[in-house]
Amino acid sequence: MKPKVAFYWCASCGGCEEAVIDLAEKVLDVVAAVDIVFWPVALDFKTKDVEAMADGSIVATFLNGAIRNSEQEEMAHLMRRKTQVLIAFGSCAQLGGIPGLGNLWNRETIFNEVYRDSPALVNPDGVFPVTEHRDNGHTLRLPRFFDTVRTLDQVVDVDYYLPGCPPTPNLIEQAIGALLSGKLPPKGSVLAPDLALCEECSRRDTKPEKLSLEAFHRPSEVLIDESKCILSQGVPCLGPATRSGCGAQCVEGNMPCTGCFGPTSRVRDAGAKSLSAIASMAASNDEAEIERILAGIPDPAGMFYRYSLPASRLRRKRQEAV
Amino acid sequence: MSEARIGVYVCYCGTNIAATIDVAGLAGYAATLPNVTVVRDYKYMCSDPGQELIKQDIHDHGLNRIVVVACSPTLHEKTFRGATAAGGLNPYLFHMVNIREQASWVHEDKAAATAKARDLVRAAVRRVVHHRPLERRQTAVHPDVLVVGGGIAGIHAALTLAAAGKRVYLVEREPTIGGHMAMFDKTFPTLDCAACILTPKMTAVKGNRNITLWTLSEVAAVEGYVGNYKVTVRRKPRYVLEDVCAGCMECVEACVYKTPKFDDEFNLGLSKRKPIYMPFPQAVPQVLVIDPETCIEFKTGKCKKTCLEACGDRNGIDLKQPERMETIEVGTIILATGFKIFDSRRVPYYGYGDYPNVYSALEVERLTNASGPTGGEMILRNGVRPKSVAIVHCVGSRDEHTNRYCSRVCCMYSLKLAHLIKERTGAEVYNFYIDIRAPGKAFEEFYNRVAEEGTHFIRGKVADVYPEPNGAGRLIVQAEDTLLGMVRKIPVDMVVLGVGLEAKADAQEVRRLFNLSCSAEGWFLERHPKLAPVSTFTDGVFLAGCCQGPKDIPDTVAQAGAAAAEALALIDAGHIEMEPNTAYIVEEACSGCKTCIPLCPYSAISYREAEKTAAINEALCKGCGTCVASCPSGAICQNLFEDEEIFQEIEGVLEYA
Amino acid sequence: MPEPFEPKIVAFFCNWCTYLAADLAGTSRLRYAPNARVVRVMCSGRIDPQFVLDAFARGADGVLIGGCHPGDCHYQEGNYKCLRRFQLLKRLASQMGIEDDRLRLEWISASEGERVRTVMNDMVEKVRALGPLGRRKEVEEEAVVA
Amino acid sequence: MSKHIVIDPVTRLEGHGRIEIFLDDAGQVERAVFQVPELRGFEKFAQGRPAEDMPQITSRICGVCPMAHHMAATKALDDLYKVDPPPAAKKIRELAYTTFMAEDHALHFYFLGGPDFIVGPRAPAAERNVLGVIARVGEATGRKVIAVRKRLRAVMAAIAGKAIHPVFGLPGGVAKRVTPEQQEEFKAAAEEAVEFAKFTLGAFEKIVLGNAEYVDLICSDMFTHRTYYMGMVDESNRVNFYDGQLRVAGPDGVEWAKFDTGRYLDYIGEHVEPWTHVKFCYLKAVGWNGFEEGAASGVYSVAPLARLNVAAGMATPAAEAAREQFFATLGPGPVHHTLANHWARVIEMLYAAERMRELAADADLTDPHVRNLPTATPREGVGVVEAPRGTLFHHYQTDEKGLIQKANLIVATQNNGARISMSVEKAAKGLITGGEVPEGLLNMVEMAFRAYDPCFGCATHAQGAAPISIRVWKPGERRACPHVYQVKAS
């Protein structure tokens, strides 16, 4: 009997599903090798089918998306229960991802922005969605929206991580291969090279040995030379602090790495580490001058925690301060 | 790593710790921590029996980690690493917790101090589990020594080292060595003549083939580390060739200036010199020097250069002599850069600079000196011999507004000057003092002797010095006599200011040059006031004389000897052991991003083109850890300060029991 | 009745200046607030922003970094590297809702034992006024959200 | 028989939603409600971010149509910095965009919506998917579908850096030029795309239009609504995805309004209901009069059918021909049949491919000058494109440093929100009688909104999505109002 495999999504955009579909013809090989028992984006199996399965009867589940509301949390627990090997699939599940930037705010401020302060809005009675709404005898419920976005492993036990926004098809292929062949690394491993992106960056050799910067530029402010290390042009690139495995796609697109693959195994807080590296490059020892140079980085939290705020040491902005 | 078996040793340090921290309770708490096998408390852990406990337990209980909870690691880390090693463990499987300097001595609330100690112990226990055995690196010590400063301290240190057969570079900023001591006449309390005891040593320096003497020279740069310093010395031109000049002085005679016209630095401006001059008769080297500031040739280029003619075919004068940079390699450095005297102008009401008859003590030293401006005759600027002299103590010392510290030597030299003045002039001498401090050998006796000679002692701080209203030209010295409880106004012909000692004006620059710390007053900071008084926090750099703090000649000479001995110890050992706290790169984890390379102040990190990774030269790494903190992929680690060890410490202090 | 709030402060001191100053404060028997827990590193340049954020995350109400005065670094320039990181870290911290007074960088030389006391007392007072940072608590609550 | 049926989640669409169907005593549908149990948060956490990060941040609203968000955001940046991209940049952008439209429409036809027709609405659930499609059309064709899609994605990646979450959009142009070698590949890929689009159109005509039952289904009243329509048109009122003015047509097909995208706030309002997180768009001037059809209700529709309904034609020959056949068959227009979206989608796919072919062959394409640097001080900018699922609005306000102070996003499915709810209720009422509800029937209810190719990820800038579930309540249960999770537990 073929091993059972499932795909599911929580707080995500569907890009991870697309990445699986981008396996293209290899999807057919996968389908031939495994028995996909759950994949809402493509197949008509339902949650009740999953609930009916014996616990642990799914060999592997690729779960993408962060945990934003109560229903996702329940689904995470359900999938964990039914699955032997649970894989946090993509940046959102692994690190919180872009939706994790919501941790700079909370439920109330987000609701107000959307249902009270939105410019196109016509809402004279100040109607807000509610978790339970009674309407002539019918009760309509919405899941509970949490103040804080959490990573998958902050909710359930996770066996492996497949990084990326989205993970690249070749990594997905390798992961499935490892699963089928049983050649899996130690539990908790990230299924990607444990080296920073520079390792596979085509521009590595163009980076000067002694780089220090008199100014940082935003990509919108300068024309980036397609042949040179982007960081050496003063545009912050998180490649040195980011796990490789994507083939340096963004740099190939002539834009800096923004860190979606997250840190290497030796780093606890991706943002703090890249901040440390980049700030150290400021070519001055004078307080005011350093201030000026670093002003080229107007949004440290957004830059260094673009994909990893919920996984950072602090996880979110202080509630009191929101 | 095998199961950690930790021994925790808590020290009472007599009552130093026990008075503010519940040591027994702390020990009891330590026993509850994970991986802790043995806990002991002891009166003095650093004592032999204390250390014996550690060795014994390692043997009896198979301990593989040691935590000592006592004083500052800067004091006893070495001691306990030694004990750990003696017990058969690698000394780096040890960690020290400082609950004395940074807990019991700075807190009063026993509960709070004990709670703090608990947190620190918990942190150490968590940390030490991650310690790994480390080997010390050895590095050879270059046998040559640099001595900076050619005063009595530098001279003595240089001669001592030379006597031991070591090569010494003695670098002096002035045209001659000798320093302040050469300016003195007699020395207290023995009253033997400074010149008589100093000049032989000065000539000995010149004559010693192990000593390279560079005058008019300054250290410009220092690189490297203990055992392997690379020092660049700036040698300013003298315009007279040292190896040619015989010091015949004919050039001076011949100078277009018929009479001396310029202030003579050595005599503090009490006499004049020509642009070409000998600093003082016994100067070493016995070589003339041209002062480009005052020499016409340098100012206008239109001098007849009679000096050149006078020198004739000896050709000892080279007006084109360039400045030279010499680079030398030495293993150790002794700093003997001395002091400067307090500038009395900072206390305006003493009238120094306003009233010609107000002198600084050092000026009086010159006046009493046989080789001085007056040939040793004690006369005022107007040539008159003073009939009454006031000596004001503690000028620029023990004073809220200038220096709080006591300069240590002023009382004694003031007594000395009182004696000399009386001896030479028979004048009435009044000492205005706060307390007479005469703590040295034969000092008190000297004090009594001077008192018996009929010198007056008035206990009181001088409040004002002003000209006698009747215009008789004398100065009124006003002070409140705290013994009589009345204000005294004493008319005198001469006022001598017993000025204190201060750190050199450029002490800060020198400190940075040699990477030292300074006390708030600018004195170079010794490694430990009692146990390492001539060492500094920079290995291989030692202190001698007044650059470390005011002291008299005997102390200075003793300290110079001590510094020389410290240097010799390193040199004769041939090598020193470096702390193994270096950074290292996990090659398979390095992506070759090169972030670390420019951050290393010692250029210890290089990029290897072939491997496309960075590499650290362990010999050059000093273990600051800056690269470790900046490695964006965590590929650089640091021995003794691994990320994990520090994270464990953080978690430890914050994980509340 | 709840205990009065006592700030927990983690202090990272460089081995050559600030740690020695703290020792000097001890040998000089200067008394100061017992709230800080010192972690010794060789140089302020070793202080990884991760350490600072980890301390906050684990419950520190304030973090104090102590290094040599500019120009005085035992390792020549480590303190400047620290300064560069600190300035950016400071902005990140405020974006995360951590007030200025909770994160301080102080240059304290080996001879400034007095300054150790002043800074410690001042920081403890300011953080006490701010109240608990509460990150640890918040994180624990998030863990059992829902 | 169980007291209720839970179908969870509804499948083959991007994102999530829920439908609650309440039956009366006679087992007839009394009320059917379409819920989206999730919440947008992007407008909020966009605040404080540098504007130039918006194309990459907002693309994470939807991983199926990231190019649409990336492009709307990039155009908003042009407007924000008042900088006009060089010709090459505009063409590179539109090339990437039309490639994406062709690929995305293909995805929906073969992977999401198509199976209902190709495999059949009542076919076993296990077969109603792309694999079932492949089984029906033959593996060779199946592999061709996959290969073409792969090639189009490669074109997108080559231009945009990444196909999923592009990185090339910058104010005043694009990050990277197109090389001559690339252009050759693009031309070839475009050729194949056109062929493939024609093949797909043929397949649709054969399988769907050739099947009377399907045609009846498409034309049946339960899948029909008479509402306003909105879409983007060029200066000749032809369909344009990348740039142009917005045109609104009334239920009668007459132009009701035509306006510059920057003035969207004058025309569009958003309405809030307490039982769903999605906001419902309507025409301000007409007003919100509930979930109602007709000229008196502000409800309007977007996406392929709407675009064809508001446009005077297609800008490329083959697509134009197909459009004419479309209206000739279902015409004269406007066509109000929701399921006709599937046909309109394939016609748009052909247009996209043809347009792609034009741009790939353009001489300007390889001009290295692909960016003009902004000089103006940023204040406010609006960017609008036609996403596969309908009109997409991005609107930013920034401080003088270009940090976002306010962001407003109105996305395709949101424009369709009201009409989707109406479709679901109408379909449920039309399909469910007597309380017996076979799975196939419920799938046909799903078809009612699958036709819109709705993207609830987009619709909610999903911060967290709940699976769509269709739940049918029997009368007895109404009093108890059991909570769905209690039911799962039981």
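Worth knowing before you read on, the calculation uses all heavy atoms, side chains too, and leaves out hydrogens, waters and symmetry mates.
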Quick one: closest heavy-atom pair of [X] and [Y], and the distance?
{"X": "B:Ala629", "Y": "C:Gly45", "result": "CB-O, 3.4 Å"}
{"X": "B:Ser519", "Y": "C:Ser111", "result": "CA-CB, 3.7 Å"}
{"X": "C:Gln50", "Y": "B:Phe647", "result": "CB-CZ, 3.8 Å"}
{"X": "B:Leu120", "Y": "C:Val38", "result": "CD2-O, 4.1 Å"}
{"X": "B:Thr626", "Y": "C:Cys43", "result": "OG1-SG, 4.5 Å"}
{"X": "C:Arg40", "Y": "B:Phe641", "result": "O-CE2, 3.3 Å"}

**OP:** Take atom NZ of B:Lys78 as the centre, draw a 6.0 Å sphere, and report whether it contains more than 12 heavy atoms from other residues, nucleotides or ligands.
**Re:** no

Which atoms of [X] are under 4.5 Å from chain B, going by heavy atoms: the side chain, the backbone, both sets, or neither?
{"X": "C:Val41", "value": "both"}
{"X": "C:Tyr19", "value": "both"}
{"X": "C:Cys73", "value": "backbone"}
{"X": "C:Leu20", "value": "side chain"}

Original post:
If you tally heavy-atom pairs under 4.5 Å against chain B, which of C:Arg29, C:Gln76, C:Met42, C:Glu114 wins?
Top reply: C:Arg29

Subject >> Residue selection (most heavy-atom pairs with chain B, distance under 4.5 Å) from C:Arg85, C:Glu112, C:Glu77, C:Glu6 >> reply: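 If we count pairs closer than 4.5 Å to chain B, C:Arg85 comes out on top.
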
Under a 4.5 Å heavy-atom cutoff, which of [options] has the most pairs with chain C?
{"options": "B:Arg100, B:Glu108, B:Lys622", "value": "B:Glu108"}
{"options": "B:Glu649, B:Glu101, B:Gln102", "value": "B:Gln102"}
{"options": "B:Leu525, B:Leu599, B:Asn16", "value": "B:Leu599"}
{"options": "B:Ala115, B:Ser104, B:Ala123, B:Ser630", "value": "B:Ser630"}
{"options": "B:Gln508, B:Lys116, B:Glu579", "value": "B:Lys116"}

Give, for atom [atom1] of [X] and atom [atom2] of [Y], the distance between the pair rounded to the nearest 0.5 Å.
{"X": "C:Leu24", "Y": "B:Ser517", "atom1": "CG", "atom2": "OG", "result": "11.0 Å"}
{"X": "C:Thr27", "Y": "B:Leu75", "atom1": "OG1", "atom2": "CG", "result": "10.5 Å"}
{"X": "C:Trp16", "Y": "B:Leu516", "atom1": "CH2", "atom2": "CG", "result": "11.5 Å"}
{"X": "B:Trp105", "Y": "C:Leu30", "atom1": "CH2", "atom2": "CG", "result": "12.0 Å"}
{"X": "C:Lys81", "Y": "B:Cys624", "atom1": "NZ", "atom2": "SG", "result": "7.5 Å"}

Subject >> Steps toward side-chain contact (heavy atoms from CB on, under 4.5 Å) verdict (B:Val628, C:Asp48) >> reply: CA-CA 8 Å; B:Val628 188; C:Asp48 186 328; over 6 Å; no

Original post:
In terms of heavy-atom proximity below 4.5 Å to chain C, should B:Cys627 be classed as side chain, backbone, both, or neither?
Top reply: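 Nothing of B:Cys627, per the 4.5 Å heavy-atom cut-off to chain C.
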
Subject >> Region of B:Arg127 that comes under 4.5 Å of a non-hydrogen atom in chain C >> reply: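 Neither; nothing under 4.5 Å.
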
Original post:
Hey, does the side chain of B:His107 reach the backbone of C:Arg31 with a donor-acceptor pair shorter than 3.5 angstrom?
Top reply: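 No, because the side chain of B:His107 does not come within donor-acceptor range (under 3.5 Å) of the backbone of C:Arg31.
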
Subject >> Residues C:Arg46 and B:Asp643 bridged, charged N to O under 4.0 Å >> reply: yes

Heavy-atom side-chain proximity of [X] to [Y] below 4.5 angstrom:
{"X": "B:Glu655", "Y": "C:Arg58", "value": "no"}
{"X": "C:Asp72", "Y": "B:Arg511", "value": "yes"}
{"X": "B:Ile650", "Y": "C:Phe12", "value": "yes"}

**OP:** Could you tell me whether the side chains of B:Asn515 and C:Tyr75 share a donor-acceptor contact shorter than 3.5 Å?
**Re:**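 No, no side-chain donor-acceptor pair sits under 3.5 Å.
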
